[in-house]
Amino acid sequence: MRQAHGRLTVATRGAGLVEITDAVTTWLDAQGITDGLLTVFCRHTSASLLINENAASAVRRDLERYFQRLAPESRDYEHDDEGPDDMPAHLKTALTNVSLGIPVHDGRMMLGTWQGLYLFEHRTAPHRRTLALHVIGE
């Protein structure tokens with residue numbers, strides 16, 4: 001049994017989905033582990049991770065609009081230390097995932113045909129987000 005860990009930095013342009021499938025695949029390929037489990041962990045409280053369709057860009061736009069309606073910016077939140085987009089970002093993170101576990105077989109993530117990995121930036125300003133990567137297997 002072997003394991004490897006690393007970090008991936010993702011630059012965002014503000015709120016929205018950033019596909020990270022290729023970057024994670026490149027990192028995984030370099031580890032030389034063919035069968036096991038990959039964990040991707042977002043080290044932030046105002047960004048999250050999703051596995052979702054990567055073929056139709058309308059899916060991304062619909063997801064972004066849905067979450068904006070679900071947790072809109074508002075002056076009604078008690079927590080507003082970093083501005084009106086801060087608490088909605090925390091709510092969106094709480095409703096999604098900060099960690100993904102993905103099986104690896106034959107050196108590849110076992111994603112479905114139309115699945116991709118996404119960092120979901122919930123703040124309106126650009127950020128540099130750090131993801132922790134870990135793979136264990138043979």
Side-chain angles (χ1 to χ4, degrees):
M1 190 72 60
R2 296 179 34 234
Q3 61 182 324
H5 55 85
R7 293 181 187 204
L8 176 64
T9 301
V10 179
T12 71
R13 290 186 237 148
L17 291 155
V18 178
E19 187 166 4
I20 59 170
T21 310
D22 290 344
V24 173
T25 298
T26 298
W27 180 85
L28 180 61
D29 289 346
Q31 306 318 305
I33 293 178
T34 57
D35 293 284
L37 180 66
L38 170 66
T39 301
V40 183
F41 178 76
C42 181
R43 302 180 65 220
H44 303 276
T45 60
S46 55
S48 58
L49 299 168
L50 295 177
I51 295 176
N52 217 297
E53 180 174 328
N54 66 354
S57 58
V59 172
R60 290 188 294 276
R61 290 190 302 273
D62 286 340
L63 280 167
E64 291 166 0
R65 283 193 299 267
Y66 174 79
F67 275 92
Q68 184 56 36
R69 286 191 312 270
L70 192 61
E73 287 187 21
S74 170
R75 299 210 179 273
D76 294 334
Y77 299 113
E78 180 179 354
H79 176 74
D80 64 356
D81 297 355
E82 296 178 38
D85 70 330
D86 190 30
M87 191 60 215
H90 294 302
L91 292 171
K92 293 169 189 174
T93 299
L95 294 170
T96 52
N97 298 296
V98 294
S99 181
L100 300 172
I102 304 151
V104 175
H105 181 63
D106 287 336
R108 297 252 178 243
M109 290 183 280
M110 294 184 68
L111 296 172
T113 302
W114 307 113
Q115 288 183 319
L117 306 179
Y118 292 91
L119 171 77
F120 200 169
E121 175 63 65
H122 301 303
R123 300 297 304 269
T124 57
H127 282 79
R128 291 182 60 77
R129 300 301 193 172
T130 303
L131 306 179
L133 306 174
H134 179 260
V135 63
I136 188 165
E138 299 179 350

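What you see is a predicted model; the values in this text were computed from it and never measured.
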Interatomic distance, OG@Ser57 vs CG@Asp62, rounded to 0.5 Å, equals 9.5 Å

Using modelled atom types only, decide if a donor and an acceptor are shared between the side chain of Glu121 and the backbone of Arg13 within a distance under 3.5 Å. no

For the hydrophobic clusters of this structure (ILVMFWY residues joined by side-chain heavy atoms under 4.5 Å, transitively), does one cluster hold both Met110 and Val24? no

With rounding to the nearest 0.5 angstrom, report the CD1 to CG distance, Ile20 to Leu50. 9.5 Å

ring-ring contact (aromatic ring centres under 6.0 Å, His included) contacts touching residues 26-54 (sequence neighbours left out): none

Nearest 0.5 angstrom please: Glu138 CD to Ile33 CD1, how far? 9.5 Å

Take Leu49 and Leu131 through the test side chain to side chain contact (heavy atoms under 4.5 Å, CB included) and record every step on the way to the result. CA-CA 10 Å; Leu49 299 168; Leu131 306 179; 4.0 Å; yes

Separation between NE2 (His127) and OG1 (Thr12), nearest 0.5 Å, reads 6.5 Å

CA sep, side-chain torsions, deciding dist, call: Val59, Trp114, side chain to side chain contact (heavy atoms under 4.5 Å, CB included): CA-CA 11 Å; Val59 172; Trp114 307 113; over 6 Å; no

By ring-ring contact (aromatic ring centres under 6.0 Å, His included), which residues pair with Phe120, not counting sequence neighbours? Phe67, His122

CA sep, side-chain torsions, deciding dist, call: Met87, Glu78, side chain to side chain contact (heavy atoms under 4.5 Å, CB included): CA-CA 8 Å; Met87 191 60 215; Glu78 180 179 354; over 6 Å; no

Is Val104 linked to Ile136 within one hydrophobic cluster, defined over Ile, Leu, Val, Met, Phe, Trp and Tyr using a side-chain heavy-atom separation of less than 4.5 Å? no

Specify the closest pair of heavy atoms between Arg129 and Ser46, including all atoms of both residues, with the distance to one decimal. NH2-OG, 3.1 Å

Residues 95-107 vs side-chain hydrogen bond (donor to acceptor under 3.5 Å, both in side chains), sequence neighbours excluded, gives Asp35-His105, Ser48-Thr96

With the side chain counted from C-beta on, respond yes when Lys92 and Leu70 share a heavy-atom pair under 4.5 Å apart, and no when they do not. no

State, yes or no, whether a side-chain contact exists between Tyr118 and Leu63 at a heavy-atom distance under 4.5 Å. no

If you define the side chain from C-beta out and look only at heavy atoms, does anything of Leu119 sit under 4.5 Å from Glu19? no

Counterpart residues, salt bridge (Lys or Arg N to Asp or Glu O under 4.0 Å), relative to Glu53 (two or more places apart): none

Are Val18 and Leu133 linked, directly or through other ILVMFWY residues, by side chains that come within less than 4.5 angstrom of each other? yes

Restricting to ring-ring contact (aromatic ring centres under 6.0 Å, His included), what partner residues turn up for His90, sequence neighbours left out? His79

Verify same cluster id: Met1, Leu37 (apolar side-chain graph, 4.5 Å): yes

Give a yes or no on whether the backbone of Ala47 and the side-chain of Thr93 come within a donor-acceptor separation of less than 3.5 Å. yes

Can you list the residues that meet the side-chain contact (heavy atoms from CB on, under 4.5 Å) rule with Ile102, with sequence neighbours excluded? Leu38, Val40, Ile51, Leu100, Met109, Leu111, Leu117

Does any N or O in the side chain of Arg2 come within less than 3.5 Å of the main-chain N or O of Gln31, such that one atom is a donor and the other an acceptor? yes

Least distance between heavy atoms, Pro88 atom then Ala71 atom: CB-O, 3.2 Å

Would Thr25 and Arg108 count as a side chain to side chain contact (heavy atoms under 4.5 Å, CB included) if you check the C-alpha gap in whole Å, the side-chain angles of each, and the deciding distance to 0.1 Å? CA-CA 8 Å; Thr25 298; Arg108 297 252 178 243; 3.9 Å; yes

CG/Asp29 to OG1/Thr34 distance, rounded to the nearest 0.5 angstrom? 11.5 Å

Arg128, CZ: over 12 other non-hydrogen atoms inside 6.0 angstrom: no

